[in-house]
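This one's a predicted model, so the numbers in the text were calculated from it and none came from an experiment. Throughout, a chain's letter reflects where its sequence line sits, starting with A, and its residues are numbered from 1.
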Amino acid sequence: MKLKVNRLGLKYGKDVIFNNLSFELNEGEILAFKGLNGSGKSSLCSCLTGLFEEDFAKDNIRGEILYDNINLNNMSIAEKCNAFGLIFQNPDDQLFSPLVIEELAFAPENLNVPREEIQRRIDLALKTCKIEHLKNAKINTLSGGEKQLVAIASILTMQPQILIADEITSRIDKEKIDDIRQILIDFARSGKSVIMISHNENDLKIASRVIVLERGKNYAN
Amino acid sequence: MKKRIDPRVKLLFIILLTTLAVLAKDVIYMSIILVVGIVINLCLKTDILYAIKRLRHFLSILIFIAIVQSLSIKGGRVLIPIGNTALLSTKGLQFSLEFLLRMSIIVVSGLIATSTDGREMIDGLLKLHMPYELAFMTSISLRFIPVFSEEFKTRLNAISMRGIDIKKLSLPKKIRVYAYLISPTISGCIMRSEVLAKSMQVRGFRAHPKRTMLRELKMGILDYTLVLISLLIAAAFLAGMYKHGILVTF
Ligand SMILES: Nc1ncnc2c1ncn2[C@@H]1O[C@H](COP(=O)(O)OP(=O)(O)O)[C@@H](O)[C@H]1O
Ligand SMILES: [Mg+2]
């Protein structure tokens, strides 16, 4: 079992988003979450990547998240990055480098990956996302779809064990959506796992399981 | 790939030009320094005209200040008399020209930084042993200047759409509207910066005290030559200004 989530609960102050949510994720698996806007899908992604401040978490987050039997709270930044790679719902929120190549290098640079290896990962990620031609492009000149692909590639270069994709097909042209799904399928086939957030029925077909999120729901039973 | 000038050399240009601009106190010397700054920009192919367009409001404020200075500082020969008093005198003219030249040199030397690609400047600062957190913070805070004006404009637009024509308001009312917009603008910026922090956090920013640099910076012969030449020229300028007694003294 790669990931085990036990009775996870989240609220913003008095506003309960979900409660007692439990699930497991194995190697090679694609697990999907769907739900209406505001049902707490992006918030769940933030929980899984430990994005909430400690003070906030103490009062508002319940339950535990175990990766390889280690509690998320006891993992270092580098260990979390090795475990989880989150692709943001909106690439404009995620991308902040002037150049595509800098965005792709950012994670492995932080994780002290050797230079040659970073170069290799960048080329691989560009190839996987079919955006080799954008390697030296400026990010602010890209289209929305291209930015989404760069955002995906910038997480792939980190080589996480679990890829969390928050509605990443919503901005992509129809012709390219299949490519994105293939990226997720290939990622899972390589023995890693995917958590996919999506409304799109065709996206959900590639998932081995779908969990429906409802705002404020208690999943205890 | 063609040989690029090392960002550290560009940093040196910027530092030397601004230092000279602050220390000089002579219209001719300063004009020469300004020309040198412009020539460097031309060689580096920065977009001077575009920058002037972007900075036009700032530049017009500078010119306004210069005009006020030239009219309010008296002394030397009278150039334009009104009645018994001087409207414009040589001292006022000299003072405002020096002010304009000094600011122009600083703007022009800042432009040199725009000739670097992406985060090259950060890499240069890192190579000069600046801690990477600080280098990133500097560059990201610079990135937030356009974000701030973007957020402000969005809110100004929202107000115009409610039928308020900002341009037609009287000055006190205008100020009230702007003041009213400041706090949502700031909270918008804070939200954007929190999202940005999350994006950096999930990709391991500050995971280790040191980080790899993908871009390898190496000073070439051209770079070292440029350092030597620019240091020599700057020294010559300083010596010349010292000899003529036109160095600013503190
Ligand atoms: N930082 C926050 N503080 C307070 N409320 C929030 C915060 N983030 C999200 N929410 C609220 O939580 C609910 C779930 O949001 P989100 O997780 O983004 O949903 P989804 O991704 O499913 O559309 C929304 O109603 C949103 O307004
Ligand atoms: Mg969402």
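Between the CG atom of D92(A) and the CG atom of L196(B) there is a distance of 12.0 Å, given to the nearest 0.5 Å. Summarising the geometry, atom OG belonging to S199(B) is positioned 11.0 Å from atom CG belonging to N90(A); distances are rounded to the nearest 0.5 Å.
Remark: M191(B) CE is loosely packed, at most 12 non-hydrogen atoms of other residues, nucleotides or ligands lying under 6.0 Å away. Heavy-atom contacts from other residues, nucleotides or ligands closer than 6.0 Å to NZ of K130(A) number 12 or fewer. Atom NZ of K176(A) sits in a sparse spot, with 12 or fewer heavy atoms from other residues, nucleotides or ligands closer than 6.0 Å. Shown here is E132(A), whose CD atom has more than 12 heavy atoms of other residues, nucleotides or ligands within 6.0 Å. No more than 12 heavy atoms of other residues, nucleotides or ligands shown are found within 6.0 angstrom of CG on N69(A). No more than 12 heavy-atom neighbours from other residues, nucleotides or ligands sit within 6.0 angstrom of NZ on K4(A). Environment of NZ in K147(A): crowded, with over 12 heavy atoms of neighbouring residues, nucleotides or ligands closer than 6.0 Å. Environment of NZ in K135(A): crowded, with over 12 heavy atoms of neighbouring residues, nucleotides or ligands closer than 6.0 Å.
Between the N112(A) side chain and the K210(B) main chain, a donor and an acceptor come within less than 3.5 Å of each other. Side chain of E109(A) to main chain of L214(B): a donor-acceptor pair is present (N/O by atom type, distance under 3.5 Å, no hydrogens or angles). The backbone N or O of V113(A) sits less than 3.5 Å from a side-chain atom of T212(B), completing a donor-acceptor pair. Proximity of a side-chain donor or acceptor of R203(B) to a complementary backbone N or O of I155(A) within less than 3.5 Å is not detected.
When heavy atoms are compared at a cutoff of 4.5 Å, T157(A) does not approach chain B at all. At a 4.5 Å heavy-atom cutoff, the contact between E103(A) and chain B is made by backbone and side-chain atoms alike. Heavy atoms of R215(B) lying under 4.5 Å from chain A belong to its backbone as well as its side chain. Residue F88(A) touches chain B through its side chain alone, counting heavy-atom pairs closer than 4.5 Å. With a 4.5 Å cut-off on non-hydrogen atoms, E194(B) does not touch chain A at all. The parts of S97(A) that come within reach of chain B are both its backbone and its side chain, each placing non-hydrogen atoms under 4.5 angstrom from that chain. Heavy-atom distances place the backbone of P108(A), and not its side chain, under 4.5 Å from chain B.
Counting heavy atoms from C-beta on, the side chains of K198(B) and Q94(A) never come closer than 4.5 Å.
Among D117(B), V195(B), I140(B), the residue making the largest number of heavy-atom pairs under 4.5 Å with chain A is V195(B). Of the residues considered (R192(B), Q201(B), R119(B)), R119(B) shows the highest number of contacts with chain A, using heavy-atom pairs under 4.5 Å.
Smallest separation of non-hydrogen atoms from A207(B) and L111(A): CB-CD2, 4.0 Å.
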